[in-house]
Protein chains: 2
Amino acid sequence: MASYRTEDGWDALGDPTRRAIIACLAERPRAVGELAAVLPVSRPAVSQHLRVLKDAGLVTDRTAGTRRVYRLNPAGVAALRDQLDTYWSRALDGFRDVTERPDEEES
Amino acid sequence: MASYRTEDGWDALGDPTRRAIIACLAERPRAVGELAAVLPVSRPAVSQHLRVLKDAGLVTDRTAGTRRVYRLNPAGVAALRDQLDTYWSRALDGFRDVTERPDEEES
DNA sequence: CCCGTTGGTAAGCCGTAGCTTACCGTTCGT
DNA sequence: ACGAACGGTAAGCTACGGCTTACCAACGGG
């Protein structure tokens, strides 16, 4: 609640690799090396992506010995979901405003 | 349901200008010129963004005379929302899996 | 019937996002 | 205490995404 958002969650999800990371972490928390082993990019690349995701509040990390375990942050995901809900409800209002016009061509 | 997704909705929302367009269209449907008048980019730029959003299934367009009115597509928005819901629920499972380890340092 | 309005497309420029390799700090095992 | 494992950072290259200007097609009003 009292957290700044240095990076936008949407920008963070704009990259396919980062979405793959999110999908991986959705299954279970993983260390950086595990993620790099699965993904088609190098470990430093994963590290950089994780930084972006962390700044966006989508993941949290936890040091376990020499390893660093990342996990999904449900709060961050929920925040984006709420935004979509807002767009969705407003879109419905927009639909109500302009009733069907028969002389127009649908896309 | 039976629609392909030529472009990914997340990629589409990865751009700030496109998110601004989405926000605009969430209020009410608008023509291309209207959007360009509000946004800080040229009309062709808006047109290109609208194409991406349309390919992603996030907006639909409707020809009205010489004008072309775009509106938000609630189905497309709902699809993304559902994906986030999936991530969210799986993340909760992940949290249950790994119980708190006191010797670790939180991020 | 012409002209103004509207908007999609082409061509091209430029910034930056993402990747790689190389390097360094930290932590644990033996 | 030394070395290996793990991971973050720096530097640099390349590709692509977004913007602009210029051009063209379509529809409508007077």
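Every chain is numbered from 1, with letters handed out A, B, ... down the list of sequences. What you see is a predicted model, and the numbers here were worked out from it, not measured in a lab.
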Asker: Quick one: list whatever passes side-chain hydrogen bond (donor to acceptor under 3.5 Å, both in side chains) with Gln83(A), sequence neighbours left out.
Answerer: Trp10(A)
Asker: Using a cut-off of strictly less than 4.0 Å, decide whether Arg51(A) has a side-chain nitrogen or oxygen near OP1 or OP2 of dG8(D).
Answerer: no
Asker: Please report the distance, rounded to the nearest Å, between CG in Leu35(A) and P in dG8(D).
Answerer: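 Nearest whole value for this atom pair: 10 Å.
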Asker: Taking a hydrophobic cluster as the set of Ile, Leu, Val, Met, Phe, Trp and Tyr residues connected by side-chain heavy atoms closer than 4.5 Å, whether directly or through intermediates, do Val59(A) and Leu39(A) fall within one such cluster?
Answerer: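 Yes; tracing contacts between hydrophobic side chains, which count when under 4.5 Å, links both residues.
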Asker: Mind checking what makes side chain to side chain contact (heavy atoms under 4.5 Å, CB included) contact with Asp85(B), not counting sequence neighbours?
Answerer: Arg81(A), Arg81(B), Asp82(B)
Asker: Round to the nearest Å and state the distance from Arg30(A) atom CZ to dC6(D) atom P.
Answerer: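 Going from CZ in Arg30(A) over to P in dC6(D) covers 16 Å.
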Asker: Under 3.5 Å, sequence neighbours excluded: what are the donor-acceptor pairs made by side chains of residues 12-25 of chain B?
Answerer:
{"unit_1": "Asp15(B)", "atom_1": "OD2", "unit_2": "Thr17(B)", "atom_2": "N", "d": "3.0"}
{"unit_1": "Asp15(B)", "atom_1": "OD2", "unit_2": "Arg18(B)", "atom_2": "N", "d": "3.1"}
{"unit_1": "Arg18(B)", "atom_1": "NE", "unit_2": "Ala12(B)", "atom_2": "O", "d": "2.6"}
{"unit_1": "Arg18(B)", "atom_1": "NH1", "unit_2": "His49(B)", "atom_2": "ND1", "d": "3.1"}
{"unit_1": "Arg18(B)", "atom_1": "NH2", "unit_2": "Asp11(B)", "atom_2": "O", "d": "3.4"}
{"unit_1": "Arg19(B)", "atom_1": "NH1", "unit_2": "Asp11(A)", "atom_2": "OD1", "d": "3.2"}
{"unit_1": "Arg19(B)", "atom_1": "NH1", "unit_2": "Leu13(B)", "atom_2": "O", "d": "2.6"}
{"unit_1": "Arg19(B)", "atom_1": "NH1", "unit_2": "Gly14(B)", "atom_2": "O", "d": "3.4"}
{"unit_1": "Arg19(B)", "atom_1": "NH2", "unit_2": "Asp11(A)", "atom_2": "OD1", "d": "3.1"}
{"unit_1": "Arg19(B)", "atom_1": "NH2", "unit_2": "Asp11(A)", "atom_2": "OD2", "d": "3.4"}

Asker: Please give, in whole Å, the distance from dG8(D) C1' to Arg68(A) CZ?
Answerer: 8 Å
Asker: For Asp61(A) and dG8(D), what is the distance between atoms CG and C1' respectively, to the nearest whole Å?
Answerer: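 These atoms are roughly 11 Å apart.
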Asker: For Asp61(A) and Val69(A), indicate whether the former's side chain and the latter's backbone hold a donor-acceptor pair under 3.5 Å.
Answerer: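 Answer holds: no.
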Asker: Quick one: side-chain hydrogen bond (donor to acceptor under 3.5 Å, both in side chains) partners of Arg43(B), sequence neighbours excluded?
Answerer: none
Asker: With heavy-atom distances below 4.5 Å as the criterion, would you say the side chains of Arg71(A) and Arg30(A) are in contact?
Answerer: no
Asker: Report each atom pair, protein N/O against N/O of nucleotides 16-21 of chain D, whose distance is under 3.5 angstrom.
Answerer:
{"unit_1": "dG18(D)", "atom_1": "OP1", "unit_2": "Arg18(B)", "atom_2": "NH2", "d": "2.9"}
{"unit_1": "dG18(D)", "atom_1": "OP2", "unit_2": "Arg18(B)", "atom_2": "NH1", "d": "3.3"}
{"unit_1": "dC19(D)", "atom_1": "OP1", "unit_2": "Thr17(B)", "atom_2": "OG1", "d": "2.9"}
{"unit_1": "dC19(D)", "atom_1": "OP2", "unit_2": "His49(B)", "atom_2": "NE2", "d": "2.2"}
{"unit_1": "dT20(D)", "atom_1": "OP2", "unit_2": "Ser42(B)", "atom_2": "N", "d": "2.7"}
{"unit_1": "dT20(D)", "atom_1": "OP2", "unit_2": "Ser42(B)", "atom_2": "OG", "d": "2.7"}
{"unit_1": "dT20(D)", "atom_1": "O4", "unit_2": "Gln48(B)", "atom_2": "NE2", "d": "3.1"}

Asker: To 10°, what angle do the rotation axes through the five end pairs on each side of the helix from dC1(C)-dG30(D) to dT30(C)-dA1(D) form?
Answerer: 30°
Asker: Scan Ala31(B) against the nucleic acid and name what it touches under 4.0 Å (heavy atoms): base, sugar-phosphate only, or nothing.
Answerer: sugar-phosphate
Asker: Starting at CG of Leu50(A) and ending at C1' of dC19(C), how long is that distance when rounded to a whole Å?
Answerer: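 To the nearest whole Å, that distance equals 15 Å.
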Asker: Ser42(B): what forms a side chain to side chain contact (heavy atoms under 4.5 Å, CB included) with it, not counting sequence neighbours?
Answerer: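 Scan of Ser42(B) (side chain to side chain contact (heavy atoms under 4.5 Å, CB included), adjacent residues dropped) gives Pro44(B), Ala45(B).
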Asker: Residues in salt bridge (charged side-chain N to carboxylate O under 4.0 Å, His left out) with Arg51(A), at least two apart?
Answerer: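 With sequence neighbours excluded, Arg51(A) shows a salt bridge (charged side-chain N to carboxylate O under 4.0 Å, His left out) to no residue whatsoever.
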Asker: For dG8(C), does either OP1 or OP2 sit under 4.0 Å from a side-chain N or O belonging to Tyr70(B)?
Answerer: yes
Asker: Grab the N/O contacts between the protein and nucleotides 25-30 of chain C below 3.5 Å, and write none if there aren't any.
Answerer:
none

